[in-house]
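Beneath this line is the structure, given in structure tokens, with notes to follow.
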Amino acid sequence: MKNTALTHIHESLGAKMVPFAGFNMPVQYEGVTAEHETVRNGVGVFDVSHMGEFLLTGPNALALIQKVTSNDASTLTIGRAQYSCLPNAEGGIVDDLIVYRMKEEQYLLVVNASNIEKDWNWISSHNDLGVDMKNLSDDYSLLAIQGPKAVEAMQALTSVNLFEIKYYHFEVADFAGIEHVIISATGYTGSGGFEIYCKNSEVEKIWNKVFEAGAPFGIKPIGLAARDTLRLEMGFCLYGNDINDSTSPIEAGLGWITKFTKDFVNSENLKKQKEEGVSKKLVGFELLERGIPRHDYEIVDANGNNIGIVTSGTMAPTVGKGIGMGYVKTEFATIDSEIYIQIRNNRVLAKVVKMPFYKK
């Protein structure tokens, strides 16, 4: 199992460590609900250094990205990022990712930890364009500093105006005394903040400075369990749960990152899906009775007939009720449709709702 450059710090802070995507990762420190609330109301820091980073350089870098991703990366200017996915040839998704335009002919792709090797092989297999590809995953660390107080708490650490970096934009600048750090206004929580990309050799210094600067704002370390409840309240997909090799971006409600203004892997079939409709859709739902929905629970109709499956579920700390996401037959996917979650021997009433569940 791999460690991040900060594993020893998490252990010294008493974090509960678990294996995740081949890494030894902190799942929680003081408890999921407390950590969740810290990010919703203040500022918290996640070590997400297990994520993968690929650097693509050369005159054909954009052409390769356009071929393997569903979104239109030609709209990116330097300093902007884009959420996208890698469709496979069978209609499913290899992975979801973020594409950063670093320079005129250079892009950074940030992929999920569990898919680093799979994604690298997939993109490489389509690289007949002579694009220079570098896998930087083992050399770089990533901190997600999230919450409504993140900007104010971190401003003293950099010469750039953090208040001016818009959502899905980034700067390469000084941060915590280190030069050439990527400060990205992205994240997976819906509460604002930044993601900080730096070299492994720099991250401990940055971590210490971040906690020093954040102390007056009540900054705390946050584990992966709260990351999951925070992203679920926002209706953000988690690869392996809500999207995978057999779910299409159209079924998953990711039509907004699937642009048919260009050709890409399997674009013809996905376009057909969009035009003709799909038989199942990913929806958000909230329980109308007591209970906690969990991954792989069955979704049924009033007569107990199977109509789908729960992909993610939790008791949502901010929303204060059981919520989840799951695939249901399209006729049950409209807002306010009544569905039932099979929780052990009980059919628990729920209704389909518009996501996100958490609204500021």
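Basis for what follows: all heavy atoms, side chains included, without hydrogens, waters or symmetry-related copies.
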Can you name the nearest heavy-atom pair linking [X] to [Y], along with the distance?
X: A150; Y: G193; value: CB-CA, 3.8 Å
X: F54; Y: I116; value: CZ-O, 3.4 Å
X: S84; Y: I257; value: C-CD1, 3.7 Å

Where the side chain of [X] meets the backbone of [Y], is there a donor-acceptor pair that is under 3.5 Å apart?
X: R40; Y: L230; answer: yes
X: Q106; Y: L55; answer: no
X: K209; Y: L157; answer: no
X: Q155; Y: V160; answer: yes
X: E171; Y: I183; answer: no
X: N41; Y: E37; answer: yes
X: S12; Y: I9; answer: yes
X: Q146; Y: F46; answer: no
X: E35; Y: Q28; answer: no
X: N244; Y: S246; answer: yes

Examine [X] and [Y] and state if one hydrophobic cluster contains both, with Ile, Leu, Val, Met, Phe, Trp and Tyr joined whenever side-chain heavy atoms are less than 4.5 Å apart.
X: V181; Y: V172; value: no
X: I250; Y: V283; value: no
X: L6; Y: V210; value: yes

Separation of [Y] [atom2] from [X] [atom1] (nearest 0.5 Å):
X: S184; Y: Y167; atom1: OG; atom2: OH; result: 9.5 Å
X: F170; Y: L108; atom1: CZ; atom2: CG; result: 8.0 Å
X: H169; Y: E164; atom1: NE2; atom2: CD; result: 12.0 Å
X: E233; Y: M355; atom1: CD; atom2: CE; result: 13.0 Å
X: N3; Y: N24; atom1: CG; atom2: CG; result: 5.0 Å

In the structure I gave you, are the side-chain heavy atoms of [X] and [Y] within less than 4.5 Å of one another anywhere?
X: S141; Y: N200; value: yes
X: E286; Y: K351; value: yes
X: I78; Y: E104; value: yes
X: L109; Y: I65; value: yes
X: T69; Y: K262; value: yes
X: M325; Y: L232; value: yes
X: H36; Y: T314; value: no
X: E251; Y: K280; value: yes

Please say whether more than 12 non-hydrogen atoms of neighbouring residues, nucleotides or ligands are located less than 6.0 Å from [atom1] in [X].
X: D263; atom1: CG; result: no
X: E152; atom1: CD; result: no
X: H180; atom1: NE2; result: no

*Specify whether F260 and F264 have parallel, tilted or perpendicular ring planes, treating 30° as the upper limit for parallel and 60° as the lower limit for perpendicular.*
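Parallel, since the angle between the ring planes stays under 30°.
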
*asked:* Going by the rule side-chain contact (heavy atoms from CB on, under 4.5 Å), which residues pair with I292 if we only count those two or more places apart in sequence or in a different chain?
replied: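 For I292, the residues satisfying side-chain contact (heavy atoms from CB on, under 4.5 Å) (neighbours in sequence not counted) are R294, M315.
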
*Hey, which of D132, V68, L64 is the one that makes side chain to side chain contact (heavy atoms under 4.5 Å, CB included) with N127?*
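Exactly one option meets the side chain to side chain contact (heavy atoms under 4.5 Å, CB included) with N127, and it is L64.
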
*asked:* Checking F23 now: which residues fulfil ring-ring contact (aromatic ring centres under 6.0 Å, His included) with it, not counting sequence neighbours?
replied: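 Not a single residue meets the ring-ring contact (aromatic ring centres under 6.0 Å, His included) criterion with F23.
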
Give a yes-or-no answer on whether the side chains of [X] and [Y] include a donor-acceptor pair shorter than 3.5 Å.
X: S49; Y: D47; result: yes
X: S191; Y: T189; result: no
X: N135; Y: S137; result: yes
X: Y83; Y: D96; result: yes
X: N115; Y: D119; result: no

*Measure centre to centre between the rings of Y197 and Y100, then say whether the value is under 6.0 Å.*
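Yes, the ring of Y197 comes within the 6.0 Å limit of the ring of Y100, centre to centre.
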
_Pairs flagged by side-chain hydrogen bond (donor to acceptor under 3.5 Å, both in side chains) wherever residues 327-347 is involved - sequence neighbours left out_ =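 Every pair satisfying side-chain hydrogen bond (donor to acceptor under 3.5 Å, both in side chains) with a residue in residues 327-347: T334-S337.
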
*Taking 4.0 angstrom as the limit, do D139 and K134 come out as a salt bridge?*
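Between K134 and D139 there is no salt bridge, as every charged N stays at least 4.0 Å from the carboxylate O atoms.
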
*Apply side-chain hydrogen bond (donor to acceptor under 3.5 Å, both in side chains) to N241 and T311, showing your working.*
CA-CA 5 Å; N241 280 40; T311 55; over 6 Å; no

